[in-house]
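Encoded as structure tokens, the structure appears first; notes follow it.
One-based numbering, in listed order, for ligands and for the atoms of each.
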Amino acid sequence: MPFRPRYTGLIDKYRDRLPVRDDTRVISLGEGNTPLIRLNHVPGDIGCAIDLYVKYEGLNPTGSFKDRGMTMAVTKAVEEGSRAVICASTGNTSASAAAYAARAGIRAFVLIPEGKIALGKLAQAMMHGAVVLQIRGNFDAGMRLVKEVAAEAPVTIVNSINPFRLQGQKTAAFEIIEELECAPDYHCLPVGNAGNISAHWLGYREYYEHGIVNSRPVMVGYQASGAAPFLRGAMVDHPETVATAIRIGHPQSWDKAWTAQKESGGWFDECSDEEILAAQRLLAGREGIFCEPASATSVAGALRDARAGRIPAGSKVVCTLTGHGLKDPDIAIAQCGDRVTTVPAELEAVRGAILDRLE
Ligand SMILES: *Cc1c(COP(=O)(O)O)cnc(C)c1O
């Protein structure tokens with residue numbers, strides 16, 4: 001057969017490593033299999049001699065890594081006979097839950113913090129037909145309410161406290177190992193609820209324990225300065241950051257993430273909003289890779305730690321870019337609105353504007 005079989009999502013690909021049966025009805029949108037892109041300009045630009053790759057999770061079906069977990073969570077919810085899913089969300093979980101629920105033909109209820117979710121994510125949840133409940137409170141309040149209501153109503157929670165979410169998300173580590181043909185030396189992620197860093201550690205451990213690779217990466221988690229409970233060593237009651245996807249003060253996977261840090265010999269650190277946005281612009285402008293602000297936290301932190309020597313020169317480093325830049329057009333345009341020049345619709349004006357800039 002000259003053709004390879006059609007890629008049909010991560011459950012089909014990693015079926016023997018995931019809790020599904022042969023007759024399970026899989027709810028998939030072809031998630032996973034995202035590109036691992038080697039950065040050509042950025043490390044050198046700022047004087048770092050590391051081998052830096054980004055795992056571009058923004059290319060999942062709804063534009064974030066949440067789809068890896070959601071295909072598992074919704075598949076299992078349907079298998080168990082559930083007719084509705086619910087989540088609290090800073091945006092991407094709601095977009096993903098809404099899409100996979102539509103695909104499955106079940107209801108989705110999403111609780112989002114009023115005014116603090118990026119426009120693209122809200123559009124997705126609405127288009128996919130979720131019931132969107134905007135609460136006058138932050139993500140942490142939404143999470144508490146979801147747990148309380150799910151104890152009384154026939155709805156399945158699809159936040160990352162749902163154990164199937166992490167099972168799906170661990171497959172990103174499998175893909176990275178398969179593409180590099182080894183484990184990276186360091187894996188850096190933005191950390192909000194801390195499910196994803198915990199899931200990656202599960203995946204890396206699994207391939208190591210099964211003898212598929214002979215090393216595991218050091219796990220490094222970066223948080224926004226205004227929402228950095230891991231760095232402070234205590235929950236934060238009023239998290240604030242431009243990176244709305246990680247505007248979380250009470251991470252649900254607190255213990256699991258500390259385990260990943262300790263077992264891997266890694267650390268947590270913080271990035272300011274300015275550092276996060278600078279890294280977002282650098283990736284877009286110098287590499288052609290558009291990620292949302294939260295995602296750029298991984299690169300901002302990795303570059304700083306590489307420059308400081310905490311990540312040694314020559315290291316193979318993977319940064320997860322958790323979500324697509326188009327999710328948050330407002331922040332993107334606010335940063336570079338001045339790049340648009342208005343000219344008359346006349347050859348002379350257009351030619352002049354071009355020649356000026358070619359000098
Ligand atoms: C959910 C999310 C995160 C945070 O992941 P956690 O598993 O909650 O730590 C980071 N970036 C983006 C874009 C996200 O959607």
Side-chain angles (χ1 to χ4, degrees), residues 31 34 54-70 73 87-97 99 110 112-113 116-118 120-122 124-125 138-140 142-143 158-163 165-170 172-173 187-203 219-224 227-230 239 241-258 260-261 268 271 276 279-280 283 289-301 319-328 331:
E31 57 296 311
T34 55
V54 293
K55 182 73 168 158
Y56 195 13
E57 291 286 278
L59 292 193
N60 275 295
T62 78
S64 85
F65 75 84
K66 299 298 197 302
D67 296 340
R68 288 185 189 270
M70 207 55 72
C87 64
S89 180
T90 59
N92 281 329
T93 302
S94 64
S96 188
V110 307
I112 56 170
K116 295 290 180 182
I117 121 164
K121 305 174 187 181
L122 184 59
Q124 288 177 292
N138 62 21
F139 170 85
D140 300 308
M143 192 66 242
V158 293
N159 281 104
S160 53
I161 56 171
N162 177 321
R165 279 275 309 274
L166 300 202
Q167 286 296 310
Q169 286 167 219
K170 75 180 180 184
H187 189 127
C188 307
L189 296 107
V191 171
N193 234 349
N196 210 25
I197 193 167
S198 306
H200 277 75
W201 186 238
L202 276 181
M219 303 298 293
V220 186
Y222 296 108
Q223 302 207 278
F230 283 99
T241 169
V242 68
T244 49
I246 51 172
R247 187 171 170 270
I248 294 174
H250 290 242
Q252 297 296 312
S253 293
W254 179 255
D255 294 337
K256 289 192 184 77
W258 281 114
Q261 177 267 324
F268 294 105
C271 299
I276 292 169
Q280 187 196 20
L283 284 165
I289 300 169
F290 192 18
C291 67
E292 67 173 285
S295 311
T297 309
S298 58
V299 171
C319 287
T320 299
L321 297 184
T322 44
H324 202 288
L326 290 173
K327 293 274 193 176
D328 200 343
I331 296 288

Would you check if there is a donor-acceptor pair between the side chains of Lys327 and Ser64 at a distance under 3.5 Å? no

Should Phe230 and Tyr222 count as side-chain neighbours, where that means a heavy-atom distance under 4.5 Å? no

Residue, atom name and distance, where the atom is the protein heavy atom closest to atom 2 (C) of ligand 1: Lys66 NZ, 2.5 Å

In ligand 1, which numbered atoms sit nearer than 4.0 Å to a non-hydrogen atom of Gly195? 6 (P), 7 (O), 9 (O)

First locate atom CD of Gln124, then atom OG of Ser96, and finally report the distance between them rounded to the nearest 0.5 Å. 8.5 Å

Using a 4.0 Å cut-off to any heavy atom of Ala294, which atoms of ligand 1 qualify? 11 (N)

So which protein heavy atom does atom 8 (O) of ligand 1 come closest to, and at what separation? Asn193 N, 2.8 Å

Does any N or O of ligand 1 fall below 3.5 Å from an N or O anywhere on Gly192, backbone included? yes

Is any side-chain heavy atom of Phe139 less than 4.5 Å from a side-chain heavy atom of Ile117? no

Among Ala194, Ala95, Gly91, Gly63, closest by any non-hydrogen atom to atom 6 (P) of ligand 1: Ala194

Against Glu57, only a single residue in Thr320, Asn92, Thr34 fulfils side chain to side chain donor-acceptor pair (under 3.5 Å); can you say which? Thr34

Any N/O pair Ile248/ligand 1 closer than 3.5 Å: no

The closest protein heavy-atom partner of atom 7 (O) of ligand 1 is Asn196 N, 2.8 Å

Would you say Trp201 and Lys256 make side-chain contact, with heavy atoms under 4.5 Å? no

Glu292 heavy atoms, cut-off 4.0 Å: which ligand 1 atoms fall inside? 13 (C)

N/O separation below 3.5 Å, Asn92 to ligand 1: yes

Check whether any side-chain heavy atom of Met143 lies under 4.5 Å from a side-chain heavy atom of Gln252, and answer yes or no. yes

Measuring only between side-chain heavy atoms, which start at C-beta, is Ile197 closer than 4.5 Å to Phe268? yes

Examine the proximity of ligand 1 to Ile246 and report which part, side chain or backbone, both or neither, has a heavy atom under 4.0 Å away. side chain

Got the closest protein heavy atom to atom 5 (O) of ligand 1, with its distance? Phe65 CZ, 3.4 Å

Protein heavy atom at shortest distance from atom 12 (C) of ligand 1: Thr322 OG1, 3.2 Å

Hey, are the side chains of Asn196 and Ser160 touching, using non-hydrogen atoms and a 4.5 Å cut-off? no

